[in-house]
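Here the structure is a predicted model, which is why all the values come from computation and not from measurement.
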Amino acid sequence: DELRAIGTDLSILGAVRLSRPWTVLRARHALRGLLASARPDVVICHSAWSLAVFGPAVRKARLPLVFWLHDAVYDPKKVDLAARRVVPDLAICTSAFAQSTLPKLFPDLPSVVVHPPVSPLPSFPEEDRNALRHALHTARRDVVIVQVARMEAWKGHGLLVDAMVEMADEPGWSVWFVGGAQRPEEAEYRAWIFERCVNAGLLERVRFLGERDDVPRVLAAADVFCAPNGGPEPFGVAMVEALYAGLPVVAFGAGGALEVVDETCG
């Protein structure tokens with residue numbers, strides 16, 4: 001809906017599961033028809049999954065094929081091994097950190113680093129900040145620590161809870177968790193984080209805001225952005241947005257965070 005709202009021409013190729021080969025063949029056939037009619041200058045496959053599924057169709061169309069490495073490569077999985085069968089012409093890497101892991105997939109592939117573009121955030125008046133805090137049952141004078149991330153374990157919510165336990169005797173702070181669960185295991189993880197907050201007696205200070213479409217407004221009403229990832233962030237768009245909102249960013253010095261938060265802004 002958001003893509004259509006900005007005038008993007010979308011072509012839906014249909015649902016695909018690698019465990020159902022006929023869905024892969026059907027989607028490749030749909031893509032070949034689209035490429036034959038549209039004749040684009042280049043095709044970009046985002047992630048190893050889409051390269052494995054659609055790369056062969058692009059090669060048959062004899063079009064330049066680019067691989068966008070959005071995430072870092074750790075231990076290549078089954079889908080990565082499938083993607084290796086289709087060697088692209090170029091890789092665009094979301095960060096220098098991600099680029100450093102590319103050889104695990106394609107040892108000799110030419111690559112460039114293009115940091116994701118992030119638009120400046122709108123500004124919000126003080127009364128809007130106060131209204132949102134009131135709506136979220138947060139004291140106007142509290143120091144609000146916000147984390148914006150999907151409810152996934154490596155995003156480090158548990159580490160932030162550990163820090164909250166250490167700060168429990170300190171007055172005047174609250175924490176907002178912004179982000180929802182996309183998979184069943186993430187819903188279980190969210191429930192575990194919630195239970196930890198209950199057991200630690202922190203629930204009055206913590207707000208689970210879920211998935212929201214007004215993140216810029218939430219950032220404007222907060223004071224500190226925390227990115228306590230348990231593993232390196234491939235880049236960290238959320239950290240860039242937090243900096244646009246004028247928030248100090250607290251993050252581990254690893255991965256893409258080192259390309260976002262440096263001596264010029266940290």
Side-chain angles (χ1 to χ4, degrees), residues 40-55 58 63-121 146-160 178-179 182 215-216 219 224-266:
D41 296 308
V42 64
V43 177
I44 301 177
C45 284
H46 170 249
S47 79
W49 186 89
S50 62
L51 182 64
V53 171
F54 297 110
V58 180
L63 290 168
L65 176 61
V66 172
F67 174 52
W68 179 24
L69 182 61
H70 167 252
D71 201 353
V73 183
Y74 297 102
D75 297 321
K77 299 178 176 60
K78 186 176 180 180
V79 67
D80 298 312
L81 300 178
R84 279 179 177 170
R85 300 172 189 162
V86 188
V87 180
D89 300 297
L90 175 72
I92 297 175
C93 304
T94 196
S95 65
F97 167 67
Q99 185 185 42
S100 72
T101 69
L102 179 65
K104 294 181 180 180
L105 268 186
F106 301 108
D108 303 313
L109 184 65
S111 63
V112 295
V113 174
V114 180
H115 288 148
V118 183
S119 299
L121 302 187
V146 63
Q147 180 180 1
V148 180
R150 187 172 65 254
M151 275 289 171
E152 189 173 39
W154 78 273
K155 293 291 187 180
H157 303 80
L159 293 172
L160 184 49
V178 183
Q182 296 180 347
V215 171
L219 292 174
V224 178
F225 185 90
C226 188
N229 294 60
E233 191 74 49
F235 177 64
V237 168
M239 288 183 277
V240 178
E241 292 178 334
L243 291 172
Y244 269 133
L247 299 183
V249 173
V250 179
F252 284 111
L258 294 172
E259 297 169 58
V260 176
V261 183
D262 59 22
E263 65 277 1
T264 68
C265 63

State, to 0.1 Å, how close [X] and [Y] come at their nearest heavy-atom pair, and which atoms those are.
{"X": "V224", "Y": "L247", "answer": "N-CD2, 4.2 Å"}
{"X": "L219", "Y": "A245", "answer": "CB-CB, 3.8 Å"}
{"X": "V260", "Y": "C265", "answer": "O-SG, 3.3 Å"}
{"X": "V113", "Y": "Q99", "answer": "CG2-OE1, 3.2 Å"}
{"X": "P232", "Y": "G255", "answer": "CB-CA, 3.7 Å"}
{"X": "G231", "Y": "N229", "answer": "O-CB, 3.0 Å"}

Atom [atom1] of [X] and atom [atom2] of [Y]: how far apart are they, to the nearest 0.5 Å?
{"X": "W154", "Y": "E233", "atom1": "CH2", "atom2": "CD", "answer": "4.0 Å"}
{"X": "D71", "Y": "T101", "atom1": "CG", "atom2": "OG1", "answer": "8.0 Å"}
{"X": "I44", "Y": "L51", "atom1": "CD1", "atom2": "CG", "answer": "12.0 Å"}
{"X": "C45", "Y": "W68", "atom1": "SG", "atom2": "CH2", "answer": "12.5 Å"}
{"X": "L102", "Y": "I92", "atom1": "CG", "atom2": "CD1", "answer": "12.0 Å"}
{"X": "L243", "Y": "F225", "atom1": "CG", "atom2": "CZ", "answer": "9.0 Å"}

Would you say the side-chain atoms of [X] pair up with the backbone N or O of [Y], donor to acceptor, closer than 3.5 Å?
{"X": "S95", "Y": "F235", "answer": "no"}
{"X": "E259", "Y": "F97", "answer": "yes"}
{"X": "Q147", "Y": "K155", "answer": "yes"}
{"X": "D89", "Y": "L65", "answer": "yes"}

* When you look at NZ of K77, are more than 12 heavy atoms from neighbouring residues, nucleotides or ligands closer to it than 6.0 Å? ->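 Incorrect, the count does not exceed 12.
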With under 30° as parallel and over 60° as perpendicular, where do the rings of F106 and F67 fit, or are they tilted in between?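 Ring orientation, 0 to 90° scale: perpendicular.
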Carefully, step by step, assess L159 and F252 under the rule side-chain contact (heavy atoms from CB on, under 4.5 Å). CA-CA 11 Å; L159 293 172; F252 284 111; 3.9 Å; yes
Discussion item. Against K104, only a single residue in V73, D75, D80 fulfils side-chain contact (heavy atoms from CB on, under 4.5 Å); can you say which?
Written reply: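 Among the candidates, only V73 passes.
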